[in-house]
Amino acid sequence: MLSEQEIVRRESLQAIRDLGINPFPAEKFEVNFKTTDFTTADLHKNMEADIEKIKGIGKVGAAKVVEFLAKNRFKVDNVLADEEFMKSVGLTETIEWDSGVDRPSTTLAEYIPTLRTDFLGDYGGDDGKELLFAGRIMENRTSFLNIQDAYGRVQIYLKKKEFVIEGLEEGAEKLFQKQLHLGDYLGLRGKMFVTQTGEVTVKVSHLKFLAKSLRNLPIVKKDKDGNVYDAFTDPELRYRQRYVDLTVNPHVKEIFLKRVKLMNVMRNYFNDQGWLEVETPILQPIHGGAAARPFKTHHNTLDMPLYMRIANELYLKRLIVGGFDGVYEFGKMFRNEGMDRTHNPEFTAMEIYVAYKDYIWMMEMVETLLEKIAQEVTGSTTVGYDGKEINFAGPYLRMTMFESIKKYTDIDVSKMNEEELRGVCKQFHIEVDNSMGKGKLIDEIFGEKVEANLIQPTYITDYPIEMTPLAKKHRTSEGLVERFELFINGKEIANAYSELNDPIDQRGRFEDQLELAKRGDDEAMVLDEDFLRALEYGMPPTSGLGIGIDRLTMMMTNQKSIQEVLFFPQMKAETVVEKEEETTE
RNA sequence: CACCCCGUAGCUCAACUGGCUAGAGUAGCGGUCUUUUAAACCGCGGGUUAUGGGUUCGAGUCCCAUCGGGGUAACCA
């Protein structure tokens with residue numbers, strides 16, 4: 001069933017056709033202007049700058065003129081009518097221009113009416129630039145329409161009988177204009193001017209209809225005090241119809257632009273170092289490289305099971321074996337786990353491996369990188385998140401895992417055996433089961449007692465060997481590996497190792513994992529013979545790092561839900577309303 | 001899977017303790033008018049209250065089930 005408004009749109013579509021206009025033309029529409037090329041804000045800026053140049057009324061007077069005009073929304077008539085104001089700032093005096101400024105001698109009072117056009121620069125006046133641009137109607141006040149393109153909005157003015165509608169016979173303008181609806185796409189040609197109220201506006205000389213919208217966009221309105229009306233906020237609708245969300249909520253688009261920027265900053269930085277962006281398999285016969293439950297699928301021709309990757313680590317290391325000294329990949333990972341505000345079944349990780357480096361070098365690299373990202377994405381190295389100020393300028397605090405537990409629980413677990421660790425867990429009411437080994441128990445204590453305290457960027461280093469089968473044994477501390485995780489606001493953001501490149505040690509670690517699997521750990525790692533073969537040929541000492549791009553984006557855009565930084569977060573299937581069967585006559 | 005909250009017009013929201021024909025604004029339609037601006041003014045349409053049952057003289061409101069969303073918890077990054 002179509003709603004009343006949908007029927008109106010379809011009738012309008014037909015009406016446009018009846019007027020001889022194709023509502024979905026095939027040919028391109030050439031554009032030479034973006035709505036952000038010149039804005040009302042630019043007008044204000046130019047105005048202030050130019051008035052500063054005016055001599056004779058002095059700086060105080062100039063400031064007053066600007067203030068007055070702004071307060072009157074650039075209604076110059078108001079200024080001229082206010083005699084008291086005119087006198088107070090000396091508006092009747094002749095203006096003496098700076099030597100560099102080419103203007104006729106005049107009084108400010110005579111000059112002010114020309115200001116609005118003047119401040120448009122190349123865009124102003126009858127000989128101003130002819131603008132070609134396209135977008136969709138977001139507000140419609142009959143002769144004033146707001147047009148939105150990919151960058152922003154600009155107001156257009158359709159003055160009766162002063163513009164041509166492509167393909168339309170003369171005299172039918174009014175009929176046509178009635179068929180314009182919110183969301184319709186228009187191609188426009190015109191010149192810029194400034195209205196009495198100080199709005200930068202394009203006076204249209206030529207209009208071409210580009211596409212019809214058959215559904216009603218939920219237009220969000222804002223008054224001059226910034227109050228928002230009819231905000232499109234229902235999360236379900238926003239995520240399911242992201243195209244609508246992006247159209248009517250500019251702040252949403254902003255998040256995704258920042259996400260792209262963040263990834264590009266990383267990409268550029270890595271490329272500058274000569275590291276190589278690569279792609280590795282998403283469908284894997286063995287789901288290695290991390291501890292998580294996979295999605296399983298099946299290949300028909302090969303008649304074999306395949307898994308969606310839970311990590312790409314083992315493939316990237318194979319490439320280091322192959323002789324590249326730096327490889328990185330931005331890739332989707334798939335984990336068959338729960339969903340909440342920080343977890344989506346598919347998520348994006350950036351993994352990088354650099355030969356001849358260690359995890360200490362990697363900490364320094366990450367500090368440099370994150371500081372750069374914060375600066376370029378948010379404009380500052382301090383970023384507000386969840387009401388806190390996160391400082392991304394390095395160096396970051398470093399603590400070993402044992403030190404951090406000692407700090408927040410006053411218990412030294414470094415020398416404890418499995419039984420003693422279980423005792424500590426019991427003391428803190430942490431649930432444990434038999435499948436948990438020493439490493440997992442320590443991780444539980446850490447997760448329960450330490451994590452939440454790590455607000456500012458903090459490296460936790462040197463993890464127990466049992467929970468990290470792919471990292472190299474610590475150079476000095478027995479029973480630990482060279483690993484760090486970066487925590488920000490109590491959440492893990494990055495994970496890195498000095499990579500294990502001793503194939504015999506690696507085989508042993510995999511076997512320990514099999515042991516854990518036997519005890520019931522369904523996330524223990526699987527042994528990958530081909531990966532071991534690669535290590536046996538020889539892998540150089542290497543440091544590797546993984547960063548959760550979604551979570552980092554959340555940090556940089558102050559979002560509390562992962563769904564806000566994914567274009568299309570995973571959702572349950574939308575219930576399809578069964579169409580009523582047509583009654584046969 | 002467990003617990004809590006929510007689902008009313010295209011959109012944002014009302015509707016008291018279960019009680020009159022489920023109301024506003026916006027969007028839409030018909031006018032007037034416009035260098036206007038969440039334009040304004042006059043008039044008019046628009047609803048199986050998520051879906052299916054039940055209790056009741058009477059259900060948007062109470063009960064049960066289902067679907068969808070949000071939150072907490074668990075898992076995980």
Side-chain angles (χ1 to χ4, degrees), chain A residues 1-9 11-12 40 73-77 116 138-146 153 155-160 178 181-183 193-201 203 213-241 244 248-249 290-293 310-311 333-351 431 443 447 485-487 491-495 522-523 546-552 554 560-563 569 571-578 580:
Chain A
M1 266 292 279
L2 294 175
S3 73
E4 183 201 14
Q5 299 199 34
E6 287 172 318
I7 293 166
V8 167
R9 296 289 178 110
E11 285 169 357
S12 166
T40 303
R73 313 198 73 199
F74 289 83
K75 278 193 174 152
V76 291
D77 292 347
R116 296 196 317 248
M138 298 303 278
E139 275 183 71
N140 187 351
R141 292 187 291 277
T142 318
S143 42
F144 287 95
L145 293 84
N146 268 18
R153 291 186 189 184
Q155 176 168 278
I156 63 166
Y157 181 43
L158 300 178
K159 192 167 171 66
K160 268 181 205 163
K178 286 176 98 126
H181 285 107
L182 295 179
F193 74 106
V194 182
T195 65
Q196 285 291 344
T197 51
E199 181 82 22
V200 170
T201 303
K203 186 171 174 185
S213 165
L214 291 182
R215 281 177 186 260
N216 213 4
L217 282 172
I219 296 294
V220 180
K221 296 205 165 194
K222 211 186 263 184
D223 68 18
K224 55 174 171 277
D225 299 326
N227 300 315
V228 177
Y229 299 82
D230 302 333
F232 183 65
T233 52
D234 181 345
E236 179 173 6
L237 284 174
R238 286 184 47 233
Y239 302 151
R240 287 197 195 281
Q241 304 184 30
V244 174
V248 304
N249 288 329
R293 287 189 292 268
I310 56 173
M333 306 300 153
F334 306 84
R335 297 190 183 174
N336 210 340
E337 312 270 5
M339 294 165 58
D340 61 25
R341 47 159 49 173
T342 54
H343 296 87
N344 194 64
E346 56 182 286
F347 65 99
T348 303
M350 193 295 302
E351 294 255 341
E431 274 187 46
D443 194 37
E485 289 190 305
L486 175 62
F487 286 86
K491 288 275 175 196
E492 183 198 333
I493 291 291
N495 182 19
D522 59 353
E523 288 175 344
I547 293 186
I549 295 296
D550 312 294
R551 289 189 177 177
L552 188 58
M554 287 165 67
K560 272 139 221 84
S561 157
I562 196 169
Q563 296 170 311
M571 305 203 68
K572 283 196 190 177
E574 196 172 0
T575 39
V576 183
V577 182
E578 275 185 49
E580 285 177 44

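Just so it is clear: chains get the letters A, B, ... in the order the sequence lines come, proteins before strands, and each one is counted from 1. Scope of the values below: all heavy atoms of this structure, side chains included, with no hydrogens, waters or symmetry mates.
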Which of the following nucleotides, [options], is nearest to the side chain of [X]?
| X | options | value |
| --- | --- | --- |
| A:Arg240 | B:G28, B:G68, B:A77 | B:G68 |
| A:Gln155 | B:U37, B:G69, B:C13 | B:U37 |
| A:Val8 | B:C29, B:A77, B:G70 | B:C29 |

What is the separation between atom [atom1] on [X] and atom [atom2] on [N], rounded to the nearest whole Å?
| X | N | atom1 | atom2 | value |
| --- | --- | --- | --- | --- |
| A:Arg341 | B:A73 | CZ | P | 9 Å |
| A:Arg141 | B:U26 | CZ | P | 14 Å |
| A:Glu236 | B:G68 | CD | P | 9 Å |
| A:Asn216 | B:A27 | CG | P | 10 Å |
| A:Glu6 | B:A27 | CD | P | 18 Å |
| A:Lys178 | B:C33 | NZ | P | 12 Å |
| A:Asn336 | B:C1 | CG | P | 14 Å |
| A:Lys572 | B:C67 | NZ | P | 7 Å |

What is the nucleic acid contact for [X], judged by heavy atoms within less than 4.0 Å: base, sugar-phosphate only, or nothing?
| X | result |
| --- | --- |
| A:Leu182 | sugar-phosphate |
| A:Ala231 | sugar-phosphate |
| A:Glu139 | sugar-phosphate |
| A:Arg293 | sugar-phosphate |
| A:Glu485 | nothing |
| A:Asn140 | nothing |
| A:Leu237 | sugar-phosphate |
| A:Asp234 | sugar-phosphate |

Using the [atom1] atoms only, state how far [M] lies from [N], rounded to an integer number of Å.
| N | M | atom1 | answer |
| --- | --- | --- | --- |
| B:C13 | B:U55 | C1' | 30 Å |
| B:G19 | B:C6 | C1' | 25 Å |
| B:U26 | B:U66 | C1' | 33 Å |
| B:C29 | B:G69 | P | 33 Å |
| B:C1 | B:U72 | C1' | 15 Å |
| B:U48 | B:A9 | P | 9 Å |
| B:U51 | B:G60 | P | 11 Å |
| B:A14 | B:A24 | P | 16 Å |

- Message: The test is side chain to side chain contact (heavy atoms under 4.5 Å, CB included); show your working for A:Lys491 and A:Met554 and say whether it passes.
- Response: CA-CA 11 Å; A:Lys491 288 275 175 196; A:Met554 287 165 67; over 6 Å; no
Is the base of [N] touched by the side chain of [X] through a donor-acceptor pair closer than 3.5 angstrom?
| X | N | result |
| --- | --- | --- |
| A:Glu199 | B:U37 | yes |
| A:Asp230 | B:G25 | yes |
| A:Thr195 | B:U36 | yes |
| A:Gln5 | B:A27 | yes |
| A:Glu4 | B:G45 | yes |

- Query: Do the ring planes of A:Tyr157 and A:Phe144 sit parallel (below 30°), tilted (30 to 60°) or perpendicular (above 60°)?
  - Reply: parallel
- Between A:Met571 and A:Gly338, just flag the one whose closest nucleotide in RNA chain B comes earlier from the 5' side. A:Met571
- Item | Upstream residue (5' side of RNA chain B) when A:Pro218 and A:Phe193 are each assigned their closest nucleotide | A:Pro218
Side chain of [X], backbone of [Y]: donor and acceptor closer than 3.5 Å?
| X | Y | value |
| --- | --- | --- |
| A:Asn249 | A:Phe232 | yes |
| A:Glu199 | A:Thr40 | no |
| A:Arg335 | A:Ile310 | yes |
| A:Arg551 | A:Ile493 | no |
| A:Asp550 | A:Thr348 | yes |

- More than 12 heavy atoms of other groups within 6.0 Å of A:Arg215 CZ: no
- If you draw a 6.0 Å radius around NZ in A:Lys222, do more than 12 non-hydrogen atoms from other residues or ligands fall strictly inside? no
Scan every strand shown for a Watson-Crick or G-U wobble partner of [N], both distances under 3.5 Å, and answer none if you come up empty.
| N | answer |
| --- | --- |
| B:A15 | none |
| B:A40 | B:U32 |
| B:G46 | none |
| B:G52 | B:C64 |

Output yes when at least one side-chain N/O atom of [X] is less than 4.0 Å from OP1 or OP2 of [N], else no.
| X | N | result |
| --- | --- | --- |
| A:Tyr229 | B:U26 | no |
| A:His181 | B:A27 | no |
| A:Gln563 | B:G70 | yes |

